[in-house]
2 protein chains.
Amino acid sequence: MTPVAKRKMEKRKRFNDYINKKHLKSTKQRDIIFNEFFNNYMGKHVTVEELYEDIKKKSPSIGFATVYRTLKLFKESGIASERNFGDGKARYEPIRSEAEHHHHMICTECGQIVEFANMQIESCLLQIAKLNEFNVSNHKLEIYGLCSSCGKD
Amino acid sequence: MTPVAKRKMEKRKRFNDYINKKHLKSTKQRDIIFNEFFNNYMGKHVTVEELYEDIKKKSPSIGFATVYRTLKLFKESGIASERNFGDGKARYEPIRSEAEHHHHMICTECGQIVEFANMQIESCLLQIAKLNEFNVSNHKLEIYGLCSSCGKD
DNA sequence: TACGATATTGATATTGATTATCAATAATAA
DNA sequence: TTATTATTGATAATCAATATCAATATCGTA
Ligand SMILES: [Mn+2]
Ligand SMILES: [Mn+2]
Ligand SMILES: [Zn+2]
Ligand SMILES: [Zn+2]
């Protein structure tokens with residue numbers, strides 16, 4: 001089994017566990033959305049609209065609201081992250097692994113997104129939180145500007 | 001003149017300069033909103049709704065849309081920052097000085113906001129941007145969690 | 001001061017993303 | 001199989017933010 005397939009299976013298990021724990025149900029629609037999301041959007045930051053349009057091609061009967069609800073479920077179960085890059089639309093990305101926590105640089109001209117991670121920043125943040133006796137649940141860090149292509153004055 | 005009064009005057013000058021540069025006009029409404037904002041919301045993070053409700057008490061004829069438009073003007077002219085803390089409402093805070101750049105820790109329970117600044121993080125960010133040839137215009141960093149009061153399990 | 005060009009205002013309608021509603025249907029447990 | 005409970009898809013509702021527009025205010029110039 002490829003590492004990618006293994007990762008997908010792990011997320012699937014986690015999602016199933018969540019479904020069971022909360023007494024929810026497995027459905028064809030959730031399967032379809034799960035597969036589309038984890039097969040084609042790894043490392044991407046997809047909007048609900050985009051994912052819906054994509055899925056509709058193969059499964060025209062799936063409803064818009066269901067995609068909304070399912071992505072929210074993915075987030076709640078810890079297999080997807082919700083992102084907001086200031087354009088008013090929520091974006092979702094599959095979580096690769098707990099270890100691959102990262103942040104984003106967004107080009108305000110072309111929309112290109114560059115991911116980055118930095119241990120020094122992460123430990124600074126923990127320290128700051130500790131100093132203020134804050135019990136951190138999550139944090140976000142975004143850099144906005146022009147990418148190398150768009151930034152040529 | 002107190003330091004606070006001096007700061008307010010500086011912002012006023014900057015706003016007037018912007019007004020002139022863009023061939024806009026000085027109006028009573030803008031004066032009223034400016035004064036309310038810089039007299040009573042220094043160090044705060046106020047929503048449009050909140051500021052509107054506050055101003056309406058003294059100046060009942062001021063319209064909701066005008067408060068929206070004026071806060072956006074404050075932002076464009078560089079005398080206010082727009083913040084988004086994940087509750088779907090934009091918040092504005094008066095800019096103290098270029099030197100007082102800072103970030104936020106938000107308690108998801110009681111809404112308390114703690115400000116912090118950290119030079120190490122700032123220089124890390126600049127370095128990361130440089131490495132990726134990104135021309136940074138701004139960045140945001142937020143920590144979400146429970147404050148010391150709310151976090152007592 | 002009066003005039004003319006231009007910007008602003010306040011009320012209201014509209015937009016756009018997201019959420020709620022609900023009757024029909026599907027999944028699960030007994 | 002049946003009873004219970006959750007889900008679905010269509011659509012209405014919500015809510016912050018923005019657009020529209022006629023009336024009014026500002027401001028440079030005469
Ligand atoms: Mn990412
Ligand atoms: Mn602040
Ligand atoms: Zn770009
Ligand atoms: Zn709190």
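In the text below, chain A, chain B and the rest are named by the order of the sequence lines, each starting its count at 1.
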If you draw a 6.0 Å radius around CE in B:Met42, do more than 12 non-hydrogen atoms from other residues or ligands fall strictly inside?
-> yes
Of residues 73-95 of chain A, the positions that come close to DNA chain D - non-hydrogen atoms, cut-off under 4.0 Å = none
Would you kindly confirm whether B:Ile128 and A:Ile113 end up in one hydrophobic cluster when ILVMFWY residues are joined by side chain heavy atoms under 4.5 Å apart?
-> no
Using the six-membered ring wherever Trp is involved, compare the ring planes of B:Tyr52 and B:Phe64 and label them parallel, tilted or perpendicular (cut-offs 30° and 60°).
-> perpendicular
Taking CG from B:Asn20 and P from C:dA7, how many angstroms apart are they, rounded to a whole number?
-> 14 Å
Quick one: do A:Glu10 and A:Lys13 make a salt bridge, cutoff under 4.0 Å?
-> no
Atom pair distance, as rounded to whole Å: NZ in B:Lys72 and P in C:dT9 | 14 Å
Candidate nucleotides C:dA26, D:dA19, C:dT6, ranked by approach to the side chain of A:Lys25 - the nearest = C:dA26
Within this structure, what is the OH-to-P distance between A:Tyr18 and D:dT7, rounded to whole angstrom?
-> 11 Å
Please check the phosphate of D:dG9 (OP1 and OP2 only) for any side-chain N or O of A:Arg69 closer than 4.0 Å.
-> no
Can you spot which of B:Phe74, B:Phe37, B:Phe34 makes a side-chain contact (heavy atoms from CB on, under 4.5 Å) with B:Pro94?
-> B:Phe37
Identify which nucleotide among D:dT18, D:dT7, C:dA20 has an atom closest to any side-chain atom of A:Arg30, counting heavy atoms from C-beta outward.
-> D:dT7
Within residues 56-64 of chain B, those residues having any heavy atom closer than 4.0 Å to DNA chain D are none
Output yes when at least one side-chain N/O atom of A:Lys28 is less than 4.0 Å from OP1 or OP2 of C:dA27, else no.
-> yes
Give a yes or no on whether B:Tyr92 and B:Ile106 share a hydrophobic cluster (residues Ile, Leu, Val, Met, Phe, Trp, Tyr; joining criterion: side-chain heavy atoms under 4.5 Å apart).
-> no
From C:dG10, C:dT6, D:dG9, nucleotide with atom closest to A:Gln29 side chain | D:dG9
In whole angstroms, the gap separating C1' of C:dG10 from CD1 of B:Ile33 amounts to 12 Å
Considering just the side-chain nitrogens and oxygens of B:Ser26, establish if one lies under 4.0 Å of OP1 or OP2 belonging to D:dT26.
-> no
Taken to the nearest whole Å, CG/B:Asp31 to P/C:dT9 is 10 Å
Could you state the CD1-C1' distance from A:Ile55 to D:dG9, rounded to the nearest angstrom?
-> 14 Å
Distance-only donor-acceptor check, side chains B:Glu50 and B:His45, under 3.5 Å | no
Quickly work out the B:Leu24 CG to D:dT26 C1' distance and round it to whole Å.
-> 12 Å
Evaluate the side-chain proximity of B:Lys89 to B:Val48: yes if any heavy-atom separation is below 4.5 Å, no if none is.
-> no
Looking only at heavy atoms, what is the nearest atom pair of B:Asn118 and B:Gln120, with distance?
-> OD1-N, 3.0 Å
Atom-pair distance (CD1 on B:Ile32; C1' on D:dA25), nearest Å = 14 Å
Would you find a donor on one side and an acceptor on the other, under 3.5 Å apart, between the side chain of A:Asn132 and the backbone of A:Phe134?
-> no
Quick one: is A:Thr27 getting a side-chain N or O under 4.0 Å of the D:dT8 phosphate, OP1 or OP2?
-> yes
Using heavy atoms to find the nearest nucleotide of DNA chain C for B:Tyr52 and B:Lys22 separately, return the residue whose nucleotide is more 5′.
-> B:Lys22
